[in-house]
Structure formats: structure tokens, C-alpha cells
*Asks:* 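This structure is in C-alpha cells; I'll ask about it shortly.
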Amino acid sequence: MKKILAILLVLVMVLGLAACGEKKETTPVDNTPSEPTYADHVTVAIDVLPSSYDASSMAFPMIARLVYDELIEYDKVTQELKPGLATSWSWKDEGSTILHLDLREGVTFHNGNPFTAEDVEFTLAHNGNANLAGYYDHCEIENDHSIDVVLKSGSADFVYILTNTLYAGIMDKESAEADANFGTAIGTGPWAYDLDNTLDGDRYEFVRNDNYWGELPTASLLTLRYIKESNARLIALQNKEIAAFCTVGETDREAIANDANLEYCSGTGVGPAKMYYIAFNMKTGKAANNLYLRQAVACAMNNAEIIAAYGDPGAEESNGAFWGASTPFKAQTSDFQEDLSFNIEKGKDLLKKAEEVNGGPIPTLTLLSNYTKAVNSTMCLAVQAECKAIGLDVEIIESDSAGVLALTKYDGPGDWDMIQYNVPLESWPSAVNRMLVKNSNNNRAILESDYVEDLLMKAAATNDEAAREQMYKEVQVYVHDNAIYIPVYYGSRDGAQLKGVEGIVWTNDGYPEFGYAKVPQ
Amino acid sequence: MHKYIIKRILMLIPIILGVSFVVFFMMDSAQGNALDIIGIDYSAEKLAELYHEYGYDRSVFYRYYLYMSDLLHGSLGNSIIYKKDVWLLYMQRLPATLKLAGASVALAVILSIPLGIVSARRHGSLVDNASMVGALIGLSMPNYWLGLMLMVYFAQMHHWLPSGGNTDGIRSLILPAVTVGTGLMATMTRTTRSSMLDVIRQDYLRTARSKGVPEKRVINVHALRNALIPIITVVGTELGKALGGAVVTENVFSWPGIGRLIIDGVNQRDTTLVTGCIILTSVLVSIIQLIVDVLYAFVDPRLRAQYTSAGKKSKKKPAPKAQAAKGGA
């Protein structure tokens with residue numbers, strides 16, 4: 001017994017001394033070998049659950065970009081369109097309703113099937129995404145490598161819609177029709193699913209597609225591990241179990257900055273496109289019919305303070321325009337008729353007018369928040385405090401992602417007044433349509449405005465740039481002056497990687513692209 | 001004995017019915033459903049098609065009826081999120097959960113039973129007090145915190161062990177097993193100690209000692225065997241908990257077990273997946289409890305005699321007599 005006690009005592013002392021010892025200085029990895037060799041197997045971590053083997057029902061593009069190819073590629077740095085599976089494209093009519101595509105020859109799917117126009121037709125018809133389905137009508141196949149895409153109504157932006165893998169990542173028609181669940185997992189991209197070694201909800205394995213028509217990745221195996229906890233992702237990176245991860249936890253930025261082996265990465269190319277906003281419930285909310293109340297809240301909000309409270313290093317404050325940070329035709333502050341910038345006194349005056357409209361004091365407004373991300377709670381608390389400063393009580397209602405989606409969907413119960421949310425907006429102007437048109441599940445304000453929809457449809461259809469700009473600006477002015485959505489800031493996408501890792505594209509308008517990661521051995 | 005086993009197996013039917021009903025309706029009462037999540041960017045028409053396909057345009061009772069009719073045909077249905085048979089998904093994750101539960105219970109048994117015995121033998125001594133304080137600390141430490149601390153020390157600071165996942169063999173298992181095992185160990189140490197304390201004062205042990213039986217044999221054979229029943233009960237219960245309830249630890253260590261599958265299913269409102277997983281886990285836990293009950297008979301001759309005599313009597317006489325025989329055993 002004494003022996004056991006003695007051993008235990010020694011163990012405790014050794015561990016205690018080790019814990020008390022000076023923390024080892026981390027030394028930077030020497031990343032300049034004379035002839036760099038790279039690992040054949042790359043493992044990275046993701047923070048979202050890839051829920052499907054079908055590009056059209058994936059919520060995030062990280063996996064889709066590995067497995068599927070787009071018809072047209074979009075260069076995020078130059079913002080130019082490049083050939084993808086379509087080598088050339090052109091509008092057949094003035095009203096942008098028939099798009100002709102010439103398709104790449106000699107491309108095969110992961111299962112060896114040749115890529116043809118029938119696969120394009122199948123993919124576009126199969127995809128239920130509102131951005132695509134809102135315009136797509138049918139295809140007319142000329143031959144295996146030539147096709148016309150016919151739209152329901154004109155859209156000059158449709159070529160940009162085809163650049164999004166989630167909307168138009170081309171699938172193999174034959175396998176998808178044979179197996180509705182896993183046949184859709186076959187694409188033409190640089191990586192093919194290794195379904196035998198994939199463990200759903202845990203790790204997703206990919207093998208290099210050696211028959212890929214484009215540039216081949218350096219590694220031959222790629223693993224995407226799903227690690228939900230942000231600090232667990234950081235520790236896995238510090239422990240070199242993974243080469244990179246996306247989405248840095250708000251408390252982990254300092255640890256990354258202090259670690260000589262790690263590198264904080266945020267988006268390159270187009271500006272931050274994830275827009276954080278407050279939206280009013282325009283259908284059943286208490287402010288739906290009270291313009292002064294919505295404007296009072298807009299004036300109470302101090303966007304700079306909200307950004308500082310959360311501390312997103314890549315944040316770009318919104319000027320009030322309801323548009324992506326890098327979107328053409330973005331309205332300027334001078335375009336707006338109403339000045340709804342931060343002004344407490346004006347907010348108080350507007351609240352008085354709102355009370356007159358209401359016929360008495362304004363009851364407590366409810367603000368819906370998704371508690372799963374700290375940024376949401378921070379923003380809601382800031383808005384609550386700012387509204388209090390003008391004399392308006394706001395109660396925060398928290399729910400998880402699924403709960404918020406259910407409460408705010410177009411035909412949902414609607415028993416809420418405001419919502420704090422965010423949306424990644426692509427760089428083309430009509431990308432905002434899904435936030436503003438009827439029956440769209442992303443229309444969180446549940447706005448039903450014929451005026452706005454009419455302008456959006458007309459703007460999308462015309463090729464007259466000046467007319468488009470005018471119409472899109474009118475939409476932004478309408479949304480701003482009526483305080484339907486109050487944009488707060490554009491947030492950046494971020495992540496971290498081991499120093500020396502090359503080839504990962506950290507984009508602002510989506511998730512990182514891990515397909516061409518090179519990890520020095 | 002076999003009648004008792006059959007009876008217990010038949011009891012699984014109401015358990016499955018009860019569990020499926022409760023879980024299905026609880027999942028339905030939560031805000032949101034899996035289709036809203038996978039169809040976040042879908043057009044209203046496409047979403048309506050999906051609602052129709054999965055019966056979400058009908059009442060919850062209709063969907064429960066569909067689910068139960070599938071279940072009666074031996075199918076747990078397809079997960080909405082993963083589009084895969086729930087049975088297959090469960091079986092993919094079961095080995096990892098069994099590994100973690102087995103390792104943590106084994107760790108707890110190996111350490112806690114000797115510690116409990118020593119504590120009981122040296123009742124009131126420094127060792128006893130220290131082990132009880134240790135057990136109290138083990139019980140009160142949240143798994144989430146302990147897991148993170150272990151991860152920080154062994155993975156982040158010293159790079160001795162992987163921080164998570166299940167890809168590095170036994171090295172991946174150590175930290176999650178210690179995290180789950182610490183709480184179990186605390187419970188088992190306390191149970192072993194109190195059970196041994198009860199037994200150690202019994203007259204038959206005094207008799208054994210007075211007959212000159214060596215102290216080691218008195219403790220390890222006569223005392224421990226009689227003290228085992230409550231310990232086995234706790235081991236069985238804790239194993240059941242570890243199988244279905246290591247949710248927090250599995251999340252912290254990204255351990256690909258059933259707990260994490262269920263949590264992800266709940267977050268994604270995948271009713272079919274969650275209901276199926278909970279039914280299978282309930283069956284698994286019930287089977288473990290049955291094994292524990294059967295083990296009693298092997299450990300305790302008095303119980304074995306009860307089962308045997310009850311079985312024999314019941315062949316000749318009606319049940320009340322069998323009960324009387326049981327009481328007299």
C-alpha cells in the first residue's frame with residue numbers, strides 16, 4: 001500500500017512540476033526547404049455539417065467545389081468570368097432569355113461516364129434552388145456539346161448564377177437517376193467522394209480524380225473532418241492533426257496571433273459579402289405598419305459600436321445600402337432620401353411620432369436571434385441596449401438555426417417583430433432578389449412589395465447598364481428609407497492554417513477552397 | 001431462468017412503442033424541421049414537393065403512423081439529412097461508442113473497485129478520506145470542462161495525444177475514455193466502498209476469520225463476492241449511460257459515436273434519425289440491463305437458487321406458490 005502511495009505521490013509531483021514549468025516557446029517551422037515536398041494526404045477541418053451528397057441541397061459550397069464543376073467559373077480576385085465546363089457562352093436575344101453554351105469535350109465523370117449536354121439539362125432541371133429555379137425554364141439540346149438554356153424571364157445575371165456550384169454544379173444524369181441518394185455524388189471535379197471510407201457526420205474522404213480535365217491537385221487524398229467546437233479545431237491545428245480549418249472562434253484569434261506556427265487567414269478577392277442585418281417582420285410584426293418605429297430603431301443603432309463589440313477584424317461597416325460589399329450598382333449614402341444614420345435624439349423624436357401613430361406607448365418589441373453563434377448574441381444585446389437609449393424596450397428571443405428558420409420562413413407563424421440574421425451575398429446585383437421577393441425562404445423581412453419585385457425583374461432583364469443601375473438603386477433607396485432591412489456590417493470569412501501551407505483559397509464570399517492545399521512534409 | 005429472459009425480451013415491445021411515441025412527438029414539437037434546413041434556398045414549389053414527399057404536409061399522427069408501419073416491417077427509415085438507412089448510420093457509429101463506453105467502464109472498474117475495497121478496509125483512514133474526496137471531485141467535475149482541460153494539457157501543450165477523432169487507434173481513445181471514466185470511477189468507488197462496508201461487518205466474515213481463513217481470502221472471496229451485486233448494478237447502469245449518454249464527451253473530442261449522431265440529428269431536426277437511434281439505444285441498454293440481471297444469478301448463489309426453484313415450482317404450481325418459494329429462499 002505504501003508503495004502505491006509513493007508511486008502516486010511521485011506521479012502527482014512530476015505532473016505538478018511539468019505544469020508549473022515555463023511554457024515552451026513555440027518555434028516557427030522552417031518553411032523554406034530547398035526542394036519542397038508535399039504531403040500526399042491532406043486533412044482539414046470544417047465547422048458545418050455537410051448534409052447531403054447532392055450539390056443542390058448542400059447549404060455550403062466547400063464540398064461541392066471539390067466534387068462538381070461549374071459551367072462558368074468566376075475569378076474572385078479579378079471578378080471576371082472564365083470558361084468552366086462551358087467553353088463559351090452568349091445570349092441569343094436582346095432580352096437575355098436564351099443563353100447558348102458550348103460545352104467542353106472529352107470530360108468524364110468520376111464513374112467514367114462522358115459529360116454531355118443531357119447532364120447540363122438534368123442538373124438545371126433537378127436543382128430546386130430559388131436563385132436558379134426562379135429563372136430557369138427548360139433546355140434545348142443542339143448536340144452533345146451544345147445547348148440553349150431558356151429562361152422564364154430575362155436575366156443578365158444568369159451567367160453569374162451558373163458560376164455557383166450549389167446552383168449549377170453539374171451531376172451525372174445516369175447515376176443520379178439510377179440512385180437518387182448517392183448517384184448525385186458523382187461529379188466531374190478534381191476530387192471524387194471515397195464513400196467507403198467516409199463516415200457521415202464525422203469525416204468526408206476524397207480521392208484525386210486523375211482524369212480531371214483541369215489542373216490536378218498535389219495531394220492524392222483529402223479528408224475533411226467535421227469539428228463543431230471552435231476551440232477543438234484550434235487545438236487540432238496546433239497539434240498538427242489538421243493543416244487548416246475554417247471559421248475561427250471569436251476567442252481564438254489571439255491564440256492564433258501568438259502562435260508562431262499558425263497563420264490567421266481571411267478572405268481575398270472580392271470584399272466581405274456576408275451581410276449582418278436587422279430585419280423587421282413586414283407581415284405581422286408590430287412595426288410592420290409603423291414606419292416611424294422602424295426608422296427610430298435604425299437611428300438608435302450604432303453600427304461602429306456593434307462591430308467593435310464583436311471585434312471581427314475583417315468587418316466593413318455598412319453605409320445603409322442593402323447590397324453586397326462588392327456588388328455593382330451599390331447605392332451611396334447621398335442616394336438616400338432619409339438620413340437614418342446613428343442619432344439618438346432623432347431616434348427619440350421618431351419614437352414619439354411612432355407612439356402617436358400607435359395611439360399610445362409602443363409595446364416591447366421582440367428580437368429573434370440564433371444563439372448558436374456568439375456574434376448574433378453580441379449584436380442583439382447591443383441593439384437591445386441602443387433601443388433602450390431612445391426609450392424602446394426590446395426582448396430578445398433566442399432559438400437555434402432550425403428554430404429561427406421555422407419561425408421566419410415565408411409562411412411561418414410570424415410571432416416576432418425583428419430578427420438579427422446574416423446572409424452571404426454573391427457579387428452580382430440580382431443576388432439580393434432572394435432577400436426581397438415573395439415566396440423566398442431567404443426573405444426574412446417577409447416583404448411583399450410589387451413595387452420592389454417589379455423593379456428587380458426589370459433590372460435583371462435589361463442589358464442597358466445605366467437603366468439597371470438606376471433601378472437597382474431605387475430598390476436600395478426604398479429598402480433603406482423604409483427601414484425594412486437595417487444592414488449593420490459586412491463580415492469576413494476566416495480560418496487558420498499551419499505556416500507554410502499553400503494553395504488554400506480563402507474567399508470572402510463563401511467558404512475556403514481546400515482542393516489545392518499543399519502541406520509541406 | 002429462460003422464462004424470465006423471454007419475459008424481459010417481450011418487455012422491449014412497450015419500451016420501443018413508448019420511446020418512439022415520446023421521441024417522435026417531442027421532435028415534432030420542436031421548432032423547425034429537417035426539410036426547412038436542407039431547403040433553405042429552395043424555391044417554394046420545390047420545398048412544397050419535399051414536404052409532400054416526406055408527409056410534412058399531413059398531420060404528425062399520419063407521419064407517426066407511416067413511421068410505425070415502416071418499423072413493423074423492420075425498417076427504421078431513411079435519415080432526411082444523410083439520405084441513408086438509419087440502421088446503417090447507427091451501425092457505422094456503434095463500434096466507436098462501444099469502444100469508448102467499454103474503455104471508460106473498464107478503466108473505471110480496474111481503478112475504482114480496488115480503491116473502494118481499500119477505502120472500506122481502512123475506513124476512516126487517510127486513504128479512505130483521500131479517495132472519497134477524489135471521488136467527490138470526479139463526480140462534480142463536468143465532462144465538458146475535464147475534456148477540454150485534458151485536451152489542452154495533453155494535445156495543445158505537449159502534443160502527446162491527438163485532440164479528437166477516432167483515427168489514431170488507442171491514442172485517440174485515451175482522452176475521451178479518461179473523461180468519461182472519471183465520473184464513472186467516482187460513482188463506482190463510492191458504491192464499492194459502501195457495499196464492502198456493509199458486508200465487512202457481517203457475522204459470517206467474523207466466523208471465517210475465527211476459523212483461520214487468511215484475511216486476503218476473507219476480503220477477496222467472501223466479502224467481495226457478496227458485495228458485488230450493487231457494484232454490478234452500478235456498472236450495468238453506468239455502461240448503459242455511457243452507451244447513450246456520452247454526448248458531451250463525444251462532441252468535445254469529435255468522437256464519431258452515437259451520441260454525436262443524435263445531437264447532430266436533433267440540431268438538424270432529423271426526426272427519423274433521432275427516433276431510430278434512441279429506439280436502438282433503448283434496446284441496447286435494456287439488453288445490457290438484462291445481462292446484468294442474469295449476471296446476478298451467477299454471482300449470487302441465493303438468487304440462482306431463487307430462479308431455479310421458481311422455475312421448477314412454476315411447472316407444477318401456480319405463480320403465487322413460486323413467489324412463496326422465492327420469499328423463503
Side-chain angles (χ1 to χ4, degrees), chain A residues 1 4-5 18-19 23-24 43 45 49 51-54 56-59 127-134 166-167 180-182 199-203 223 225-229 231-232 234-236 238-241 372 399-407 409-411 434 438-442, chain B residues 30-34 36-47 49-50 78-84 88-89 92-93 96 114 118 122 126-127 148 151-153 155-159 161-168 251-257 260-261 263-270:
Chain A
M1 189 61 217
I4 297 171
L5 270 176
K23 197 183 160 188
K24 252 198 243 172
T43 303
L49 190 65
S51 54
S52 171
Y53 292 102
D54 180 336
S56 67
S57 49
M58 286 179 183
N127 198 305
N129 196 295
N131 295 277
L132 181 86
L166 298 183
Y167 308 160
N181 291 339
F182 299 104
L199 184 60
D200 293 281
D202 179 58
R203 58 177 189 276
T223 302
R225 274 179 62 188
Y226 168 53
I227 305 180
K228 197 178 172 191
E229 302 292 333
N231 40 19
L234 173 62
I235 293 172
Q238 289 173 321
N239 209 15
K240 298 192 172 81
E241 294 162 48
T372 55
S399 188
D400 66 355
S401 309
V404 169
L405 285 177
L407 285 168
K409 67 181 178 182
Y410 205 75
D411 53 356
R434 61 190 176 134
K438 287 173 205 153
N439 285 322
S440 162
N441 285 318
N442 273 298
Chain B
Q31 281 163 345
N33 64 55
D36 287 338
I37 292 174
I38 61 173
I40 183 170
D41 278 329
Y42 276 8
S43 61
E45 294 82 13
K46 176 82 178 177
L47 200 57
E49 265 176 42
L50 273 180
N78 269 9
S79 152
I80 299 172
I81 294 291
Y82 297 112
K83 294 188 172 179
K84 222 174 191 176
L88 288 179
L89 284 167
Q92 269 188 335
R93 299 294 189 101
V118 171
R122 303 191 174 197
L126 182 67
V127 180
L148 277 177
M151 203 194 273
V152 166
Y153 191 84
Q156 190 178 33
M157 285 172 70
H158 297 289
H159 308 300
L161 292 168
S163 65
N166 180 24
T167 49
D168 205 358
N251 261 305
V252 170
F253 290 103
S254 305
W255 187 259
R260 198 162 152 233
L261 182 67
I263 282 291
D264 286 334
V266 170
N267 286 336
Q268 306 278 318
R269 301 291 191 274
D270 195 337

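Quick note: numbers below take in every heavy atom, side chains included, and nothing from hydrogens, waters or symmetry partners. Each chain gets a letter, A, B and so on, in the order its sequence line appears, and its residues count up from 1.
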*Asks:* Counting only non-hydrogen atoms closer than 4.5 Å, does B:Ile81 touch chain A with its backbone (N, CA, C, O), its side chain (CB onward), both, or neither?
*Replies:* both
*Asks:* Is B:Arg269 salt-bridged to A:Asp400, going by a charged N under 4.0 Å from an acidic O?
*Replies:* yes
*Asks:* Drop me the distance from A:Phe182's CZ to B:Lys84's NZ, to the nearest 0.5 angstrom.
*Replies:* 5.0 Å
*Asks:* Quick one: pull up CG in A:Asp200 and CD in B:Gln92 and give me the separation to the nearest 0.5 Å.
*Replies:* 5.0 Å
*Asks:* Heavy-atom distance under 4.5 Å to chain B: side chain of A:Ser401, backbone, both or neither?
*Replies:* neither
*Asks:* Answer with side chain, backbone, both or neither: which region of A:Ala133 has an atom nearer than 4.5 Å to a non-hydrogen atom of chain B?
*Replies:* side chain
*Asks:* Need one label for A:Thr223: side chain, backbone, both or neither, based on atoms under 4.5 Å from any heavy atom in chain B.
*Replies:* neither
*Asks:* With only heavy atoms counted, which part of B:Asn267 is less than 4.5 Å from chain A, the side chain, the backbone, both or neither?
*Replies:* both
*Asks:* Under the ring-ring contact (aromatic ring centres under 6.0 Å, His included) rule, collect the residues that match up with B:Tyr82, sequence neighbours excluded.
*Replies:* none
*Asks:* Verify, without hydrogens or angle tests, whether B:Arg93 (side chain) and A:Leu199 (backbone) share a donor-acceptor contact under 3.5 angstrom.
*Replies:* no
*Asks:* Can you tell me which portion of A:Tyr167 sits under 4.5 Å from chain B's heavy atoms? Options are side chain, backbone, both or neither.
*Replies:* neither
*Asks:* Listed by chain and number, what are the salt bridge (charged side-chain N to carboxylate O under 4.0 Å, His left out) partners of A:Arg225, not counting sequence neighbours?
*Replies:* A:Glu241
*Asks:* Can you tell me which of B:Leu50, B:Leu261, B:Ile80, B:Asp264 forms the most heavy-atom pairs within a distance under 4.5 Å of chain A?
*Replies:* B:Asp264
*Asks:* Does the side chain of A:Asn231 reach to within under 4.5 Å of the side chain of B:Met151, using non-hydrogen atoms?
*Replies:* no
*Asks:* Go through the atoms of A:Ile235 and report whether side chain, backbone, both or neither lie under 4.5 Å from a heavy atom of chain B.
*Replies:* both
*Asks:* Is A:Asn127 in contact with chain B via its backbone, its side chain, both, or neither, using a 4.5 Å heavy-atom distance?
*Replies:* neither
*Asks:* Work out which heavy atom in A:Gln238 is nearest to a heavy atom in B:His159; give both atom names and the distance.
*Replies:* O-CE1, 3.0 Å
*Asks:* Where do B:Ser254 and A:Asp202 come nearest, in terms of heavy atoms and distance?
*Replies:* O-OD1, 3.6 Å
*Asks:* Might you point out which heavy atoms bring B:Ser163 and A:Ala232 nearest each other, and give the distance in Å?
*Replies:* OG-O, 4.3 Å
*Asks:* Does any N or O in the side chain of A:Asn239 come within less than 3.5 Å of the main-chain N or O of B:Leu161, such that one atom is a donor and the other an acceptor?
*Replies:* yes
*Asks:* In terms of heavy-atom proximity below 4.5 Å to chain A, should B:Glu49 be classed as side chain, backbone, both, or neither?
*Replies:* neither
*Asks:* Please look at A:Ile227 and chain B and tell me whether the side chain, the backbone, both or neither of the residue comes under 4.5 angstrom of a heavy atom of that chain.
*Replies:* both
*Asks:* Does any backbone or side-chain atom of B:Ser79 lie under 4.5 Å from a heavy atom of chain A? Answer side chain, backbone, both or neither.
*Replies:* neither
